[in-house]
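Have a look at the structure below before the remarks.
Reminder, nothing fancy here: chain letters follow the sequence lines and each chain counts from 1. Quick caveat, the model's predicted, so the values are computed rather than measured.
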Amino acid sequence: MKKLILIDGNSIAYRAFFALPLLNNDKGVYTNAVYGFTTMLLKIIQEEKPSHMLVAFDAGKTTFRHKTYEEYKGGRQKTPPELSEQFPLIRELLDAFNIKRFELDNYEADDIIGTLSKEAEKEKWEVKVVSGDKDLLQLVSDYVTVVLTKKGITNVESYDEALIDEKYGIKPNQIIDMKGLMGDSSDNIPGVPGVGEKTALKLLKQFGTIENVLDSVDDVSGKKLKEKLIENKEQALMSKELATIFTEVPYNLTLDELKFGEYDEEKVVSLFKELEFKSLVDQFDTGVSAAEKELEELSFDVVEEVKEEHLATPAAMVVEVLDENYHQADIAGFALVHEKGRYFIPTETALRSDLFVEWAKDETKKKWLLDAKRGVVVLGWKDVLLDGVDFDLLMASYLLDPSHSSHDLSDIATRKGAKSIQADEAVYGKGAKRKVPETGVLAEHLVRKANVIYELKEQMEEELKKNEQFKLFKDLEMPLSVVLGRMETEGVKVDIDQLKAMGEDLASRLAELEKHIHEHAGVSFNINSPKQLGEVLFEKLGLPVIKKTKTGYSTSADVLEKLAEDHEIIRHILHYRQLGKLNSTYIEGLVKVTHKDTSKIHTRFNQALTQTGRLSSTDPNLQNIPIRLEEGRKIRKAFIPSEEGWKILAADYSQIELRVLAHIAQDEKLITAFKEDMDIHTKTAMDVFHVSEEDVTSMMRRSAKAVNFGIVYGISDYGLSQSLGITRKEAAKFIERYLASYPNVAEYMERIIEEARENGYVSTLLNRRRYLPELTSRNFNQRSFAERTAMNTPIQGTAADIIKKAMVEMALRLEEANLKSRLLLQVHDELIFEVPPEEVDKMMKIVPEVMENAVELAVPLKVDISAGDTWYDAK
DNA sequence: CCGATCACGTA
DNA sequence: AACGTACGTGATCGAA
């Protein structure tokens, strides 16, 4: 027997929205209604196992009922935008499930449902109507059941004729009479004033219909009621009409078209992932589809000896390394997929084959990878200089949307609708349990990965082109990954003995400080534990609590500084913290990762992580080596050239972010200031405080500097007040004066937010993108954050674009000029090289030239450069 | 053996 | 009501 489920889409979405807290995914898109809708849908499918389904939605604002009664549904709250924005997602969800959805101008979802339920009834189908609206009870019949939500979303009650009789003592077709009499405030149906459910039901039991009531109004008991009925006769009849579901909606569907059955599980899972419905993803991923995935066959060969035929190009290539840190790591195996076939090549087979090695090194043989830098570095350690990398799926995915937290191949595959594959974690295990699986499993997994890369290349490039990001991808990020790979492999030489000596010095000073602190406190405790420290300071010593964290007292440096006058112990704690940080993070940390034989450190630059386009550095992080305080700065003395007599050369952009701001905002005053190479903070102070250069005090300059920082970060009065230690009001006044002095900057800030709201994203000079869905959030904090991000990202991102371009250009120049100098590190706005003595003069010219001319802006770019025997001395 | 939290280093 | 942008690492703590 056929079973049709008709769902009132709007009603269920509303119910779900109000029943659940406002969830959102990591992009800030609200998803609670979608989630509730989904659980409801899944429950229905599971329990009812329908053969046919349809979800009806209300179409426009006005319906035929408004002709009868203009005020119909008047006074209703506007749909909250947090809900409106979820309707497209619900539609997407239904499409993924291959469930028909329907809406029609001039009619409500009720009418569509009514019409189709009558239609199905004629065919003797079993019909279930799902809604939160009691009006629909009028459709109940021998064939039609109405399922109403009770509480929450999945708590429901099924109404058949018997239950309606039990609850109301009337027949389904009398529901409209009931509504006519009592009205419905949510639809703004007036009914008869003074008549509620009780009276309405009493009347209907006696008379059957409104018409009969009115005809026999004399028989109605109660004088008042009688008067009301007579007085509101027309209104009662009209109310009944409004409550009556119209069952002859013109529709162009056949019942057969509502068939429900097969749908694309991968599409569903992919959508769930996007929405971050983790529990549902698990339910689906490990359930049916995973089993089916296993069955989907993919043929491939295991190569025993590499031959020409295995090396056709272009080829998708997998160089598998299980360690997250790929330096000097073992290769688990290779996979190649190209026109001629799919191959797994065991590591030894590949590396001992001259044919393979030559092919890898051949620039003209095009290779497509996921994470090209990883491949380049890993093979580099085996003295195989991988070349001809023509496509990097990781970079493509990152550029298209940097916000995705994972650019794991299985995630990309799911997002982009490619053949799904198992996640690495599922194949290899995680954490301590991670290991190379048996060869058969490994081979198949690698081939599948290569296959997905092969499958996605064209599509990803198309998407990049559509976004006008192809040049950024191909001419900047791809070449940069090779440059970075070389930097990582080269590594930075460290004077390990010096590090250790500094460590010993620190250790003894720390022991001394610890003793003092314990004496002052009167107890021995772990100073490194904020919890214990808090107890000592705020309970035992009774110092005033300045700030709390969600777990207890805050003992952060800015809090402690405020307490410095109150107790001698504070000074010691701050000093202990400072030295402790240096010792554990920078001495012990660096010693741990310095290679025994070479005394070199090989960081990894993550090129596909930050939301702004900057690089990051891990294992170790060489982008946060101390410099501000002399004590910490000395760490840099341990960073030395890798060859005798060479120098370390450091070149940094001066005020690159403010220059970028001047360019983007096209602010004449700022542009002129930079053209004249003025001290920008002094200049800002002059403009904000309306004084001449001589009259700028150091206090004024300090304030101006903080405002300039604030502007770049996306200013807020609160943030500025914190950094300057002034009130919010004063900070707000500062900002106001700044923006008045630089009207184009003010205009930029407004424009960029406006633009971002319209486009959904902001862009940098070289078309890097960042999506900001939270800009429309109703949550003040989320929205404010998105607004600051919209202001900051084009600035920080453009600065990142510029230095990346300089790096690629610099690598080219070094090669062309046959120089031995090597680029070692990048720290956001500076480049660190090691340089043989005879090249120092040349490099002092070339580096600034390349960096300053990386792009052409409305302002000049300025680079400061210096050389020394260590990183410390290159200042 | 992990994940969360705090604190703190850089641009 | 709670907040300046972008990161990574180490220590602690409480749970698996």
Checking all strands, does [X] fall into the base, sugar-phosphate, or nothing category for heavy-atom contacts under 4.0 angstrom?
X      : result
A/A706 : base
A/E657 : nothing
A/N526 : sugar-phosphate
A/L615 : nothing
A/T793 : nothing
A/G431 : sugar-phosphate
A/D717 : nothing
A/R577 : sugar-phosphate
A/A557 : sugar-phosphate
A/R770 : sugar-phosphate
A/N624 : base
A/Q722 : nothing
A/I625 : sugar-phosphate
A/S784 : nothing

Between [options], which nucleotide gets closest to the side-chain atoms of [X]?
X      : options               : answer
A/I715 : B/dC8, C/dG8, C/dG4   : C/dG4
A/Q611 : B/dT10, C/dG4, C/dC7  : C/dC7
A/K581 : C/dT9, B/dT5, C/dT12  : C/dT9
A/F780 : C/dA1, B/dA11, C/dG10 : C/dA1
A/S529 : C/dC13, C/dG8, C/dA6  : C/dC13
A/T612 : C/dC3, B/dC2, C/dA6   : C/dA6
A/N792 : C/dG14, C/dT5, B/dC2  : C/dT5
A/R614 : C/dT5, B/dA11, C/dG4  : B/dA11
A/P530 : B/dC6, C/dG10, B/dG9  : B/dC6

Respond yes when some side-chain nitrogen or oxygen of [X] is under 4.0 Å from OP1 or OP2 of [N], and no when none is.
X      : N      : value
A/Q532 : C/dC13 : yes
A/T555 : B/dC6  : no
A/S716 : C/dC3  : no
A/S616 : C/dA6  : no
A/R628 : B/dT10 : yes
A/S617 : C/dG8  : no
A/K550 : B/dA4  : no
A/S554 : B/dA7  : yes

When the [atom1] atoms of [N] and [M] are considered, how many whole Å apart are they?
N     : M     : atom1 : answer
B/dT5 : C/dC3 : P     : 14 Å
B/dC1 : C/dC7 : P     : 31 Å
B/dC8 : C/dA2 : C1'   : 22 Å

Please give, in whole Å, the distance from [N] [atom2] to [X] [atom1]?
X      : N     : atom1 : atom2 : result
A/Y718 : C/dT5 : OH    : P     : 12 Å
A/N583 : B/dA7 : CG    : P     : 20 Å
A/F709 : C/dC3 : CZ    : P     : 22 Å
A/Y713 : C/dC7 : OH    : P     : 13 Å
A/I573 : B/dC8 : CD1   : P     : 11 Å
A/I752 : C/dT5 : CD1   : P     : 17 Å
A/E787 : C/dA2 : CD    : C1'   : 15 Å
A/R636 : B/dG9 : CZ    : C1'   : 10 Å

*Please answer whether the main-chain N or O of A/L582 pairs with a side-chain N or O of A/T585 as donor and acceptor at a distance below 3.5 Å.*
no
*side chain to side chain contact (heavy atoms under 4.5 Å, CB included) between A/K862 and A/Q655: does it pass, once the steps are laid out?*
CA-CA 8 Å; A/K862 188 184 166 201; A/Q655 304 293 356; over 6 Å; no
Any side-chain donor near an acceptor of the partner, [X] and [Y], under 3.5 Å:
X      : Y      : result
A/Y771 : A/D401 : no
A/E774 : A/S777 : no
A/Q328 : A/H602 : no

*Candidate pair A/D801 and A/K805, rule salt bridge (charged side-chain N to carboxylate O under 4.0 Å, His left out), full reasoning*: CA-CA 6 Å; A/D801 291 350; A/K805 191 141 183 285; over 6 Å; no
*Identify which one of A/V712, A/D829, A/T798, A/I711 satisfies the side-chain contact (heavy atoms from CB on, under 4.5 Å) criterion when paired with A/E657.*
A/V712
*asked:* Looking at the base of B/dT10, is there any donor atom on it, or on the side chain of A/Q623, that sits under 3.5 Å from an acceptor on the other one?
replied: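 Per atom types, no contact qualifies.
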_Under 3.5 Å for both donor-acceptor distances, Watson-Crick or wobble: does C/dA2 have a partner, and if so which one?_
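Partner of C/dA2: none.
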*Applying a 3.5 Å limit to both distances, which nucleotide forms a Watson-Crick or G-U wobble pair with C/dG10?*
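Looking at the geometry, C/dG10 pairs with B/dC6.
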*Does A/K634 pair with A/E630 as a salt bridge, N-O distance under 4.0 Å?*
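Yes, this pair counts.
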*asked:* Taking side chain to side chain donor-acceptor pair (under 3.5 Å) as the criterion, tell me which of A/K373, A/K804, A/E477, A/R614 meets it with A/Q607.
replied: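 So the option named by the test is A/E477.
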*asked:* Need to verify one output field. Residue with the more 5' nearest nucleotide on DNA chain C, A/N606 or A/N528?
replied: A/N606
